Amino acid sequence: MIVNAHLTQGEIPGMNGTILYDVAVVGGGHNGLVCACYLAKAGLKVVVLERRHIVGGAVCTEDDLIPGYKIDVGSSAHIMIHLTPVVVELELEKFGLEYIDCDPFAFAPMAAGGALYFWRDVEKTCESIARVSPPDADNYRRFVREWGAINEGVFEAFLKPPTVLNLGRHMIFRRTKEKSNPVEMTRKIFSSYGALARETFEHDGLRAALVWLAAQSGPPAGAAATGDFLGWHSMIHRSGVKRPRGGSGALTQALALCLEHHGGEVRLSAEVERIEVKDKRTTGRITLVGGEQIEARRIVSNAHVVTTFLKLIGAEHLPEELAKRVGRVRVGNGFGMIVRCAMSELPDYTAAPSGGQPSACHRGLQLLSPSTAYLDAAYGDYLRGRPSENPAALVMTFSAVDPTIAPEGKHTMFVWGQYYPYELADKSQTWDDIAKHEADRLIDVVTQYAPNVRGAVIDRFIQTPLDLERRLGLLRGNVMHVEMEIDQMFLYRPLPELATYRTPIENLYLTGASTHPGGGVFAASGYNTARVVLDDVRGGTGLGRWLRRNLSRK
């Protein structure tokens with residue numbers, strides 16, 4: 001656990017003898033911590049205020065939920081952060097972070113028999129595909145090549161604020177070595193990922209696996225302009241799926257130690273009650289639950305956009321139009337739930353028998369969705385306001401690659417399912433009422449593929465959409481904060497006036513999953529926000545200063 005750093009000489013006192021920080025970060029999720037680390041490394045006096053007893057937000061591991069086991073309470077698979085410079089630049093290995101490669105990164109048993117293995121090595125993956133659908137091996141090879149070239153530019157855009165200039169330079173007008181028809185590729189980007197899978201691949205089992213993986217971003221398979229949610233699969237061959245030794249929270253623990261190393265401070269059980277705003281600017285004063293006040297020249301909120309503006313600041317302290325627009329940000333009606341199990345043995349998949357012992361199928365993400373129609377039906381139940389009768393499941397058994405998270409000879413199994421509405425159509429039921437039943441249903445789905453699973457569960461910890469809201473502050477259980485559809489992405493995320501991490505409130509910034517480029521263990525938002533704050537601290541470019549000064553007068 002992180003303890004508060006001792007104060008050093010030379011600190012500037014605030015009012016009433018309090019310390020005046022250069023920057024206060026509200027929320028100790030991984031984006032907030034990444035932002036804080038870069039700011040502290042640059043020499044600023046930084047404090048992170050985390051409401052829970054443990055740092056990490058939705059990238060957190062706890063050891064008291066099931067005794068003897070280390071249980072994640074948020075994200076578990078780390079993918080996109082390895083495409084950023086964050087781990088290397090912050091030297092997180094020096095602070096105890098060790099990543100384990102999960103290769104193959106995905107396993108998908110087929111309804112008609114056999115299984116697909118997705119390896120970091122594209123050719124090895126194509127060999128697996130060829131055993132199920134020979135024509136699709138060539139289709140997949142071409143798919144990875146084409147979309148990998150496009151997504152190199154997309155990723156460059158992810159690591160900068162989503163301005164028209166940045167998006168145009170890196171995504172629209174970027175030249176690639178891969179020869180492709182730009183009009184045709186644009187059409188594919190603006191199609192749905194479900195339609196793209198159908199036109200690209202012949203075998204529905206392969207389509208189902210890829211569509212289910214794409215669905216982890218949130219929008220349904222038929223949503224327009226989501227083609228790259230499928231295309232992004234090409235980048236996993238570059239990043240891989242990795243797992244911090246000791247649990248997902250080992251990342252945020254390392255970030256907290258990095259922050260303290262650079263003179264920053266982490267305050268636990270420090271829930272923010274109010275951010276004081278007057279005349280479209282922060283006063284620099286933060287009030288904690290209990291009355292303690294923190295003062296800072298600048299404030300970065302890693303909390304949900306709606307929480308930040310409508311709860312911590314309050315609509316009455318905002319420009320009326322901003323308050324209305326934040327209130328209309330589309331959070332959605334929940335997303336998924338997860339059952340985290342202590343196991344006597346690993347799933348013994350019929351498609352890949354292992355006797356319940358670690359095997360290649362257990363190393364990465366286990367994609368249990370037999371067909372695209374099956375996934376569509378699960379989403380249809382969600383639209384009707386009820387949990388999926390036959391849910392798709394994503395299974396993670398990271399004790400197969402990291403024995404430190406379970407007692408000797410035992411294992412963990414995390415089962416994530418979609419789709420689960422936060423607000424139920426049947427008003428006579430609550431999530432507290434139906435949590436165990438829905439957890440049973442998810443376990444039953446896994447048991448259909450691995451008959452030993454039901455009898456191997458020793459204990460379990462259930463996270464419904466309601467628990468995700470209560471525990472992690474994920475409003476309505478949306479792990480992406482706000483829906484990741486095209487009108488809430490890039491320079492529209494979460495609103496155009498908030499998209500570049502600065503806000504209309506002077507000296508108040510926004511970071512985290514509510515902002516570009518969105519949710520997942522990515523760290524890009526925290527990385528980008530830090531650079532924006534440092535630009536302001538240093539005065540920015542002459543053009544940037546002029547634009548901000550004159551636009552703020554409008």
Side-chain angles (χ1 to χ4, degrees), residues 22-42 44 46 48-49 57 80-81 84-86 89 155-167 170 275 277 280-282 284 286 296-309 312-313 318-319 322 325-326 329 480-482 484 488-520 522-541 543-545 547-549 551-552:
D22 293 310
V23 181
V25 178
V26 178
H30 82 287
N31 277 300
L33 289 168
V34 165
C35 179
C37 285
Y38 275 101
L39 297 177
K41 188 177 179 181
L44 301 184
V46 182
V48 172
L49 305 171
M80 293 176 290
I81 191 172
T84 77
V86 168
E89 287 184 354
F155 199 83
E156 289 172 1
F158 282 169
L159 291 177
K160 292 181 175 64
T163 62
V164 172
L165 178 61
N166 285 336
L167 296 177
H170 296 298
I275 298 172
V277 168
K280 295 186 180 181
R281 64 175 297 160
T282 68
I286 297 171
R297 293 186 176 90
R298 289 176 170 83
I299 298 169
V300 177
S301 179
N302 187 203
H304 195 290
V305 57
V306 174
T307 300
T308 298
F309 286 99
L312 301 184
I313 296 174
L318 297 172
L322 177 61
R325 285 170 58 73
V326 170
V329 168
M480 301 296 179
H481 279 204
V482 302
M484 301 237 315
Q488 293 191 149
M489 294 295 289
F490 298 105
L491 59 119
Y492 305 113
R493 188 170 187 87
L495 293 169
E497 60 265 44
L498 304 175
T500 57
Y501 312 106
R502 297 181 181 93
T503 76
I505 308 301
E506 188 175 350
N507 294 330
L508 175 70
Y509 304 80
L510 195 64
T511 197
S514 295
T515 66
H516 173 76
F522 204 156
S525 175
Y527 173 84
N528 292 340
T529 307
R531 292 196 292 176
V532 168
V533 173
L534 287 172
D535 183 58
D536 288 353
V537 169
R538 294 163 178 164
T541 63
L543 176 61
R545 285 199 308 271
L547 286 172
R548 288 196 294 277
R549 183 168 58 249
L551 289 175
S552 66

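In this text, all values refer to a predicted model and were calculated from it rather than measured experimentally. By convention here, the first residue in the shown sequence is residue 1.
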**OP:** State, to 0.1 Å, how close Asn302 and Gly28 come at their nearest heavy-atom pair, and which atoms those are.
**Re:** OD1-C, 4.3 Å
Original post:
What are the two closest non-hydrogen atoms of Gly512 and Ser525, and how far apart are they?
Top reply: N-OG, 2.9 Å
Original post:
Which atom pair, heavy atoms only, marks the closest approach of Leu498 to Pro504?
Top reply: CD2-CD, 3.5 Å
Original post:
So how far is it from Leu159 CG to His516 NE2, rounded to the nearest 0.5 Å?
Top reply: 8.0 Å
**OP:** State yes or no: are the ring centers of Phe158 and Tyr527 separated by less than 6.0 Å?
**Re:** no
Original post:
Ala523 and Val86: which non-hydrogen atoms are nearest, and at how many Å?
Top reply: CB-CG2, 4.1 Å
Original post:
How close do Pro494 and Val329 get, heavy atom to heavy atom, and via which atoms?
Top reply: O-CG2, 4.2 Å
Original post:
Are any non-hydrogen side-chain atoms of Val482 and His304 less than 4.5 angstrom apart?
Top reply: yes
**OP:** Tell me yes or no: between the side chains of Arg298 and Tyr509, is some donor less than 3.5 Å from an acceptor?
**Re:** yes
Original post:
Residues in side chain to side chain donor-acceptor pair (under 3.5 Å) with Thr503, at least two apart?
Top reply: none
Original post:
Between Arg297 and Asp536, does at least one N-O distance fall below 4.0 Å, as a salt bridge requires?
Top reply: no
Subject >> Shortest non-hydrogen contact between Leu318 and Ile313, atoms and distance >> reply: CD2-CG2, 3.8 Å
